[in-house]
Amino acid sequence: VIDKNGILWFTDYTNGAIGRFDIQHDTVVSETHTPSEGAAPYGITLAPDGSIWYTLKNKNAIGSFKPPLKGAPTLQEHTVPSTQQHAITTDAAGNIWFSTGFDGQVSEYIPASGTTHAYCVTGGDKNAHISAITVDNNNGNIWFNDSTNARIGVLDLTQYNDDCANNSTSGIAYSQLAANAQLDGGLIADISGNVFFTDLVGKQVGEISIAPAKPKPTSPYPPGPVAK
């Protein structure tokens, strides 16, 4: 991710570090190891206030830092209930959203209070793997993919009904893709709320069109749910 000063930061999953990259000279400037030994940084995102947040696998935490102009960043860790954090993003209010892989949840971390809200989104499917995540800031809906079941889901927080307790699907809708589609971390919503995703097997980018009046996309995938 590129910070507000144009500096590129990345996660080094294998070495458990956050790296700084010099774009002009095409070289890694430095790497800073995470405070917790054995934690593996994965996804990374830029918050509206300029801070950078990243997920940690094998640890009940996500991390953050304020990017310095020079020198190594000071990494902080924030406790969360899950241990398999994957992708990460922020909403317009600066709250942090992340996926949790086979834990089957998307979670919201609120920096102001240090609290986490977890939303189970699998409908009781024990095999689901929640990987990519993005926020539609037009309506606050949370989009995510289930990479093991070739589907993309959307969470409407105004309709959600505690799926963790009763496997309810209220507030959760899925667009089923081709059975052989291989989804990864590529998922983003544009300013109109349309969602784009990557398919590794198909070697293509797919679109889920939200606006009913918009012409059908050229993607072979079926249209997704219409936002209310």
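Along the sequence shown, the residues carry numbers beginning at 1.
- Using the six-membered ring where Trp is involved, Tyr54 and Phe65 have ring planes that are tilted, between 30° and 60° apart.
- Hydrophobic clustering (side-chain heavy atoms under 4.5 Å, transitive across Ile, Leu, Val, Met, Phe, Trp, Tyr) keeps Trp97 apart from Trp53.
- Side-chain polar atoms of Thr100 and His86 form no donor-acceptor pair below 3.5 angstrom.
- Although no hydrogens or angles enter the test, the distance criterion places a donor-acceptor pair under 3.5 Å between the side chain of Asp199 and the main chain of Gln182.
- Val135 and Phe144 fall within a single hydrophobic cluster, where Ile, Leu, Val, Met, Phe, Trp and Tyr side chains are chained together by heavy-atom contacts under 4.5 Å.
- Using modelled atom types, one finds no donor on one side chain facing an acceptor on the other under 3.5 Å when comparing Asn5 with Asp3.
- Between the side chains of Ser147 and Asn145, no donor-acceptor pair of N or O atoms lies under 3.5 Å.
- Asp184 and Thr198 share a donor-acceptor pair across their side chains, judged by distance under 3.5 Å alone.
- In summary, the side chains of Ser36 and Glu77 do present a donor paired with an acceptor at a separation below 3.5 Å, with no hydrogens or angles considered.
- Remark: Thr34 OG1 to Asn58 CG distance equals 10.5 Å, nearest 0.5 Å.
- Counting only N and O atoms by type, the side chains of Asn194 and Ser192 include no donor and acceptor under 3.5 Å apart.
- Residue Ile23 qualifies as enclosed at atom CD1: its count of foreign heavy atoms under 6.0 Å is above 12.
- Asp146 and Thr148 share a side-chain donor-acceptor pair at under 3.5 Å.
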Under the criterion ring pair (Phe, Tyr, Trp, His ring centres under 6.0 Å), I'd like the reasoning laid out for Tyr109 against Phe98: C-alpha separation, chi angles, the key distance, then a yes or no. CA-CA 8 Å; Tyr109 179 81; Phe98 57 91; 7.7 Å; no
